[in-house]
Amino acid sequence: TRQAVASPTEDDHFRPGIAALRASRADEAQAHFQAAIDVGLATTESWLGLTLASLVLGDNRAAEASVDEVLVREPHSLRGLIIKGDLLLGRDEQRQAVSHYNLVMRLAETLSDIPPQLQQDLVRIQGRLEQILEAFQSQLLGRLHAGGYRRDASSARFKLGLDMLMGKVEREDD
């Protein structure tokens, strides 16, 4: 009698990968997640695991490639969007990072039960968004003042447009 050989499953790579990440063996974890991908068994979670292992190893290029795959598979992955935003901000690509962070914040508003780790990330992201907005406002006002701008001498329409641009007021829909 011949014994059937079970085909490998994604779980055969995913569980050991997660265990290796938890045990601070990122290189081993990366190998497990990559193996699942190489044999065509990867899920979004495998790609996310590869992303996390790559981040721990300091390989931002590999992390970004794998988080991009996460976002192709699951465009509203909060963890994926946060990581992508962090990577973009690390490269000083603030506009793109803000776009990702704003989407995270909008998606989070729709959740009723937010895990503690994600809650910490949301607080961190909100703080970064506020810092970026403050810097933008300061830079914009500095340039306007250098060009002779005086709020008291500007039209109401210009002031309203400027306030909208700086996020101080929202546009009223007609």
Side-chain angles (χ1 to χ4, degrees), residues 1-139 167:
T1 62
R2 289 177 47 185
Q3 203 171 6
V5 177
S7 298
T9 65
E10 193 271 343
D11 221 30
D12 293 335
H13 299 289
F14 183 75
R15 286 185 193 275
I18 291 296
L21 264 180
R22 287 187 176 139
S24 299
R25 296 188 313 266
D27 51 347
E28 182 183 325
Q30 189 180 44
H32 281 292
F33 296 126
Q34 189 63 56
I37 292 163
D38 290 346
V39 296
L41 297 173
T43 62
T44 303
E45 289 76 21
S46 292
W47 283 103
L48 188 56
L50 182 61
T51 301
L52 295 172
S54 298
L55 285 171
V56 170
L57 293 170
D59 189 348
N60 287 357
R61 180 177 272 164
E64 188 155 11
S66 55
V67 80
D68 285 346
E69 185 64 32
V70 168
L71 294 172
V72 164
R73 291 164 173 262
E74 195 178 317
H76 292 150
S77 163
L78 289 178
R79 179 66 49 215
L81 289 165
I82 291 168
I83 291 169
K84 182 70 176 189
D86 289 346
L87 288 166
L88 289 165
L89 194 60
R91 285 200 313 261
D92 203 27
E93 294 181 29
Q94 283 191 356
R95 284 187 187 163
Q96 294 88 340
V98 165
S99 175
H100 283 78
Y101 288 159
N102 281 333
L103 180 54
V104 166
M105 299 307 284
R106 284 194 308 272
L107 291 170
E109 288 174 1
T110 68
L111 300 177
S112 57
D113 187 28
I114 299 175
Q117 178 60 44
L118 186 55
Q119 187 62 46
Q120 291 173 2
D121 283 331
L122 295 175
V123 169
R124 176 180 59 82
I125 288 169
Q126 185 61 45
R128 283 191 177 166
L129 286 170
E130 290 168 6
Q131 289 173 337
I132 291 167
L133 180 60
E134 243 177 66
F136 168 74
Q137 291 173 349
S138 176
Q139 184 180 34

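This one's a predicted model, so the numbers in the text were calculated from it and none came from an experiment. Reckoned from all heavy atoms, side chains included, excluding hydrogens, waters and symmetry mates.
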Enquirer: Drop me the distance from Lys84's NZ to Ser77's OG, to the nearest 0.5 angstrom.
Expert: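 Going from the NZ atom of Lys84 to the OG atom of Ser77 covers 12.5 Å.
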
Enquirer: Any chance you could measure Ser66, atom OG, to Leu55, atom CG, to the nearest 0.5 Å?
Expert: 7.5 Å

Enquirer: Among Arg91, Arg79, Arg124, find the one that has a salt bridge (Lys or Arg N to Asp or Glu O under 4.0 Å) with Asp86.
Expert: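 Going through Arg91, Arg79, Arg124 one by one, the salt bridge (Lys or Arg N to Asp or Glu O under 4.0 Å) with Asp86 is satisfied by Arg124 alone.
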
Enquirer: Any donor-acceptor pair under 3.5 Å linking the side chain of Thr51 with the backbone of Trp47?
Expert: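 It does hold such a pair.
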
Enquirer: Say you draw a straight line from CD of Gln96 to CG of Leu87; how long is it, rounded to the nearest 0.5 Å?
Expert: 12.5 Å

Enquirer: Looking at Val104 and Leu78, what are the two nearest heavy atoms and their distance?
Expert: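 So the minimum-distance heavy-atom pair works out to O-CD2, 3.8 Å.
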
Enquirer: Run the side chain to side chain contact (heavy atoms under 4.5 Å, CB included) check on Ile83 and Leu48 step by step: do they pass?
Expert: CA-CA 10 Å; Ile83 291 169; Leu48 188 56; 4.0 Å; yes

Enquirer: When the side chains of residues 109-119 are checked against the rest of the protein, which donor-acceptor pairs come out under 3.5 Å, sequence neighbours left out?
Expert:
| unit_1 | atom_1 | unit_2 | atom_2 | d |
| --- | --- | --- | --- | --- |
| Thr110 | OG1 | Leu107 | O | 2.6 |

Enquirer: Output the distance between atom CG (Asn102) and atom CD1 (Ile125), rounded to the nearest 0.5 Å.
Expert: 10.0 Å

Enquirer: Quick check: closest heavy atoms across Leu122 and Ala108, and the distance to 0.1 Å?
Expert: CD1-CB, 3.7 Å

Enquirer: Please identify which of these residues, Met105, Glu74, His100, meets the side chain to side chain contact (heavy atoms under 4.5 Å, CB included) condition with Leu81.
Expert: His100

Enquirer: Atom CD1 in Ile37, atom CD in Glu69: separation rounded to 0.5 Å?
Expert: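 Rounded to the nearest 0.5 Å, the CD1-CD separation comes out at 8.0 Å.
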
Enquirer: Measure the spacing between CG of Leu88 and OG of Ser99 and express it to the nearest 0.5 Å.
Expert: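 Here the interatomic distance stands at 9.0 Å.
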
Enquirer: Run the side chain to side chain contact (heavy atoms under 4.5 Å, CB included) check on Leu89 and Ile132 step by step: do they pass?
Expert: CA-CA 10 Å; Leu89 194 60; Ile132 291 167; 3.9 Å; yes

Enquirer: Anything under 3.5 Å between a donor and an acceptor, one on a side chain of residues 25-35, the other on a protein residue two or more places apart or in another chain? List them.
Expert:
| unit_1 | atom_1 | unit_2 | atom_2 | d |
| --- | --- | --- | --- | --- |
| Arg25 | NE | Glu28 | OE1 | 2.7 |
| Arg25 | NH2 | Glu28 | OE2 | 3.3 |
| Gln30 | NE2 | Ser54 | OG | 3.1 |
| Gln34 | NE2 | Asp38 | OD1 | 2.8 |

Enquirer: Around atom CD of Glu93, are there more than 12 heavy atoms of other residues, nucleotides or ligands at under 6.0 Å?
Expert: yes

